[in-house]
Peer 1: 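Would you mind keeping the following structure in view while I ask a few things?
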Amino acid sequence: MEDEDDPFASHLARMRRIGEREEPYRGGSPYEQATNYYLDHLVDRCADEARRRLPPGHPTSIDLLICMTGMSPRPIVLAYKVLRPKRLVLITSDAAHESVNVVHDHLVMGGSLRGADFSARPCVATDPLEIYRIVREEVDIVTRRNSGSIAAYIDITGGRKVMGASAALAAWQLNLGLSYVDGLYDGDLKQAVPGSDRMLLLDNPTSIFGDQEMQVARQAFASGDFDVAQNRYDDLSARLVQPARPRFMGALSALYRAWSNLDRDALPGAIERVETELALVRRELPHDVEHTVFDQLMHLKDLARGDPRALLLTFSLLDDHYRRLGRHDFAALFSYRTIEQCLSAHFKASYGGFALDNPDWDLLGWDRQLLRESYERMVNLVRGTQGRRSLPSQFGPFAAAVLIAVLGDPLAGPAELDAADALRRLEQLAKARNRSVLAHGEEFIDVDLSSELNQKAHRVLSAYWQVHHAGEELADRLSRLAFLRGDW
């Protein structure tokens, strides 16, 4: 029995009677008659209900809607009335001519869509390249008209399945949205029950799953471009259905940026963010990655507090990091700082706080004149000269290494600072670094010089560690603190 108080229910009942041949409506087959009745009396109410069900934040202004067109015009008219695009394009197969005519009659002849904003583009349904070409051309047309970016969707409800698949691939390549009209299917009507319609709006597949964009972000992370990596990961975390991984990687990128820039002020906030995200993503990470991040956090907390040992290790880690990236001038700077910091820390620890930038000669326990003469002989031997030399008022790495050799210090042998040839080469390396563009000159550090400086820095650091931290394996510690590359 019809509900006389509900016009929609009455119209739906009449549509069923038309489809079951119990009542005629205009011309054509019963299915065509029922479809025309739906478009004349039901589609506007269905569109209002479907629009009401759209998710919060749905696009309110769509420049272009491209619909795959099959035998039924109904989903196209409904999609148009729900989304209200400024331009409608139908991609049709050879069998869909009548559907195009019906859509044109209802939306252009009997509706508000201007003829100039309506187009039907025939295609070979099994040719994905042709469908892509059509979509690309239509997107370009509207983009030119708008003189900028546009909001565009491809509706894949109608048409053959291969057309929908091709359209989805085109959306992926061109960064377009996808729409689909869903509803409760009625076998008697051979279509969805009017009023049950839902318009599904899907972001571009890369926005849903993000595999391609995640790979781009990983490449930026691995190349040490942590600013770009953080921006990409943060953008992905706001759009993906599973955002935990990109949120963590965005936080780690920010941490690595602060670390590689020695931005001590930014470290506490970056550390806190990684700790928060690590707790949420821990189960998704390999155990070795989790342990590395934990060790790095502990190390960077020490660095943020100004711990000298953490700073020394950071110089060496940044040396290795920048060498891996091929940034050899930066690597050389940190090789130099590693050597300089090792020698400075060694003198302070071994000679009662002896400072290389303000030496107190009494702390060394040597006769001042004897020390000066011994220092002079060693420098002359290294340089092949016979000059008069005073003890420096401040020591750079070369002068400090000469003093180590003169004192017969336990560091000299393991650090290979006990022979004239080794000291001569150290001075040459120091001068080359000082001539670099990141020091006092205009020269660039090449890969060979960078490698040699790196090896020397590692040798001096290993000797320092052997003397002052004999119970701790340096190589293992550096390995556990090395920058991750994001390839897991």
Side-chain angles (χ1 to χ4, degrees), residues 15 19 28-29 31-40 42-44 46-47 49-51 54 62 64-85 87-108 110-111 113 117-128 130-135 138-139 152-172 174 176-187 189-202 205:
M15 177 183 166
S29 68
Y31 176 80
E32 292 170 338
Q33 293 181 48
T35 295
N36 283 323
Y37 188 85
Y38 166 83
L39 295 175
D40 289 342
L42 290 164
V43 69
D44 288 322
C46 292
E49 287 297 313
R51 191 181 308 107
L54 286 173
I62 294 176
L64 173 65
L65 176 64
I66 301 174
C67 293
M68 299 300 107
T69 308
M71 301 298 292
S72 174
R74 174 180 159 179
I76 297 170
V77 175
L78 180 62
Y80 173 81
K81 288 179 174 287
V82 172
L83 298 179
R84 299 170 177 172
R87 177 170 172 78
L88 176 66
V89 175
L90 310 186
I91 296 183
T92 75
S93 62
D94 291 337
H97 294 311
E98 188 55 34
S99 290
V100 175
N101 290 333
V102 173
V103 172
H104 181 271
D105 289 346
H106 278 272
L107 297 182
V108 179
L113 182 63
D117 294 324
F118 175 82
S119 179
R121 303 287 302 270
C123 74
V124 177
T126 56
D127 186 350
E130 184 176 11
I131 292 175
Y132 173 82
R133 178 182 57 79
I134 293 171
V135 171
E138 293 294 337
V139 168
Y153 275 81
I154 299 180
D155 189 90
I156 58 174
T157 311
R160 296 172 61 178
K161 291 180 180 178
V162 68
M163 292 174 66
S166 300
L169 289 173
W172 179 21
L174 298 174
L176 310 179
L178 291 172
S179 66
Y180 182 81
V181 178
D182 192 23
L184 301 175
Y185 185 76
D186 187 307
L189 291 174
K190 296 182 181 178
Q191 54 191 308
V193 178
S196 70
D197 313 280
R198 287 189 310 142
M199 175 63 75
L200 304 180
L201 299 179
L202 307 177

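The structure presented is a predicted model; accordingly, all values stated were derived computationally and were not measured.
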Peer 1: Hey, are the side chains of M68 and I154 touching, using non-hydrogen atoms and a 4.5 Å cut-off?
Peer 2: yes

Peer 1: Kindly determine whether L201 and L83 satisfy side chain to side chain contact (heavy atoms under 4.5 Å, CB included), including the steps that lead there.
Peer 2: CA-CA 10 Å; L201 299 179; L83 298 179; 3.8 Å; yes

Peer 1: Could you check whether R87 makes a cation-pi contact with F118, meaning its NZ or CZ is under 6.0 Å from the centre of the six-membered ring and within 45° of the ring axis?
Peer 2: no

Peer 1: If you compare all heavy atoms of V181 against all heavy atoms of T157, which two are closest, and at what distance to 0.1 Å?
Peer 2: N-OG1, 2.8 Å

Peer 1: Under a 4.5 Å cut-off applied to non-hydrogen side-chain atoms, are Y153 and L176 in contact?
Peer 2: no

Peer 1: Taking all heavy atoms of A168 and all of L178, pick out the closest pair and write down the distance.
Peer 2: CA-CD2, 4.0 Å

Peer 1: Write down the atom of G195, the atom of C46, and the distance for their closest heavy-atom approach.
Peer 2: N-SG, 3.3 Å

Peer 1: Which heavy-atom pair separates C123 from I134 by the least distance, and what is that distance?
Peer 2: CB-CD1, 3.8 Å

Peer 1: Please tell me if the side chains of T35 and E32 come closer than 4.5 Å, counting only heavy atoms from C-beta onward.
Peer 2: no

Peer 1: Nearest heavy-atom pair of G70 and S99: which atoms, and what distance?
Peer 2: O-OG, 2.8 Å

Peer 1: Kindly indicate whether the side chain of E138, heavy atoms from C-beta on, has any atom under 4.5 Å from the side chain of L64.
Peer 2: yes

Peer 1: I'd like to check V103 versus V77 (side-chain heavy atoms, cut-off strictly below 4.5 Å). Are they in contact?
Peer 2: yes

Peer 1: Looking at V162 and A125, what are the two nearest heavy atoms and their distance?
Peer 2: CG1-O, 3.0 Å

Peer 1: Within a radius of less than 6.0 Å around CZ of R121, do more than 12 heavy atoms belonging to other residues, nucleotides or ligands occur?
Peer 2: yes

Peer 1: In the structure I gave you, are the side-chain heavy atoms of P194 and Y38 within less than 4.5 Å of one another anywhere?
Peer 2: yes

Peer 1: Is any NZ, NE, NH1 or NH2 atom of the basic residue among D197 and R74 found under 4.0 Å from an Asp or Glu carboxylate oxygen of the other?
Peer 2: yes

Peer 1: Kindly determine whether T69 and S93 satisfy side chain to side chain contact (heavy atoms under 4.5 Å, CB included), including the steps that lead there.
Peer 2: CA-CA 7 Å; T69 308; S93 62; over 6 Å; no

Peer 1: M71 versus E98: any side-chain heavy-atom pair under 4.5 Å?
Peer 2: no

Peer 1: State the CE-CD1 distance between M163 and I131, to the nearest 0.5 angstrom.
Peer 2: 5.0 Å

Peer 1: Are any side-chain N or O atoms of R51 and backbone N or O atoms of K81, one a donor and one an acceptor, separated by less than 3.5 Å?
Peer 2: yes

Peer 1: Measure the CZ-OH distance between R198 and Y180 for me, rounded to the nearest 0.5 Å.
Peer 2: 10.5 Å

Peer 1: For a 4.5 angstrom cut-off between non-hydrogen side-chain atoms, does N36 reach V102?
Peer 2: yes

Peer 1: Counting heavy atoms not belonging to R160, are there more than 12 under 6.0 Å from its CZ?
Peer 2: no

Peer 1: For the pair Q33 (side chain) and G28 (backbone), establish whether a donor and an acceptor sit closer than 3.5 Å, ignoring hydrogens and angles.
Peer 2: yes

Peer 1: Would you give the length of the straight line joining atom CG of L88 to atom CD1 of I76, rounded to the nearest 0.5 angstrom?
Peer 2: 7.5 Å

Peer 1: Of I156, L200, V82, D155, which meets side-chain contact (heavy atoms from CB on, under 4.5 Å) against S179?
Peer 2: D155

